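As a basis for the values below, the full set of heavy atoms in this structure was taken, side chains included, without hydrogen atoms, waters or symmetry mates. What you see is a predicted model; the values in this text were computed from it and never measured.
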Amino acid sequence: MRTGCVILADPHLGMLGGVHRLLESSFQTLVMVSDERSLTEAIEKIQPSLLVVDLSLSNSGEANIIQRLHSAHPNIPLVVLSVHDEPSVASVACASGAAGFVIKQNIGTELLPVVKSILRVEACNSSTKVDDV
């Protein structure tokens, strides 16, 4: 059984489609956006249970989109996608509020386990049922 709503945010339409296919069997609703403004509007309208955001999405000129999203929506877990495989990039993302970090070249094998792990932790801290994620 699929539950919850996820917003996928990536400026690359091909990547959005690939991430959608990876997660569609686990979630009831997946919303795809390709820019920061659309992401902000979708979060306010939908109140998703999870965000999956490309680190390069920001177009506002501010350096840390992860920190802004986490500050504005601290109760929505956020998974960061990036082409950068340097440990320092993952460290900065997690220090900025990301609950998970996945290198894009490993997305096929790592994204779903990271998402399931994050939502299990969230379920332990809330009444949200995520057994079927």
Side-chain angles (χ1 to χ4, degrees):
M1 182 174 162
R2 301 179 305 164
T3 61
C5 175
V6 179
I7 297 177
L8 312 173
D10 196 300
H12 309 99
L13 297 180
M15 181 59 72
L16 276 175
V19 173
H20 186 281
R21 284 188 294 280
L22 287 171
L23 299 178
E24 67 186 345
S25 65
S26 298
F27 292 92
Q28 185 173 14
T29 305
L30 288 96
V31 175
M32 299 188 295
V33 297
S34 61
D35 61 68
E36 187 174 355
R37 180 175 170 211
S38 299
L39 173 60
T40 302
E41 291 173 0
I43 293 169
E44 295 300 327
K45 186 181 289 186
I46 298 168
Q47 292 296 309
S49 50
L50 180 72
L51 299 172
V52 178
V53 178
D54 183 317
L55 188 58
S56 68
L57 185 71
S58 180
N59 56 10
S60 67
E62 295 181 39
N64 197 331
I65 186 173
I66 306 310
Q67 190 170 43
R68 286 195 313 278
L69 288 170
H70 182 66
S71 294
H73 309 283
N75 296 323
I76 303 173
L78 191 158
V79 175
V80 174
L81 305 178
S82 179
V83 296
H84 302 284
D85 61 358
E86 301 89 354
S88 62
V89 176
S91 294
V92 168
C94 291
S96 298
F101 184 89
V102 176
I103 299 167
K104 283 188 171 180
Q105 71 182 45
N106 301 334
I107 202 166
T109 57
E110 294 183 2
L111 181 60
L112 194 53
V114 167
V115 165
K116 287 181 176 181
S117 175
I118 290 167
L119 293 179
R120 277 191 204 108
V121 170
E122 291 295 316
C124 290
N125 295 322
S126 72
S127 60
T128 303
K129 182 178 178 182
V130 293
D131 294 344
D132 299 318
V133 174

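Put simply, the side chain of Ser71 never gets that close to the backbone of Arg68: no donor and acceptor are under 3.5 Å apart. Here the side chain of Ser117 pairs no donor or acceptor atom with the backbone of Pro113 at under 3.5 angstrom. A donor-acceptor pair is defined here as one N or O able to donate and one able to accept, closer than 3.5 Å; such a pair exists between the side chain of Ser91 and the backbone of Pro87.
With contacts defined as side-chain heavy-atom distances shorter than 4.5 Å, the pair Gln105/Glu110 does not qualify. Contact annotation: the side chain of Val102 never approaches that of Val52 to less than 4.5 Å [non-hydrogen atoms, C-beta and beyond]. The closest side-chain heavy-atom distance from Val6 to Val115 is not below 4.5 Å. With a 4.5 Å cut-off on side-chain heavy atoms, Ser56 and His12 count as touching. The shortest side-chain heavy-atom distance between Leu8 and Phe27 does not fall under the 4.5 Å cut-off.
Of all non-hydrogen atoms in Ser49 and Ile76, the two that sit nearest each other are C-CG2, 4.3 Å. When all heavy atoms of Pro77 and Ile118 are compared, the pair lying nearest together is CB-CG2, 3.6 Å.
Just one of Val19, Leu55, Ile103 meets the side-chain contact (heavy atoms from CB on, under 4.5 Å) condition when paired with Leu81; it is Val19.
Put simply, Val83 and Met15 are part of two different groups of oily side chains (I, L, V, M, F, W, Y) that touch within less than 4.5 Å, one to the next. A single hydrophobic cluster is seen to contain both Ile65 and Phe101, as judged by linkage of ILVMFWY side chains at heavy-atom distances under 4.5 Å, directly or through other members.
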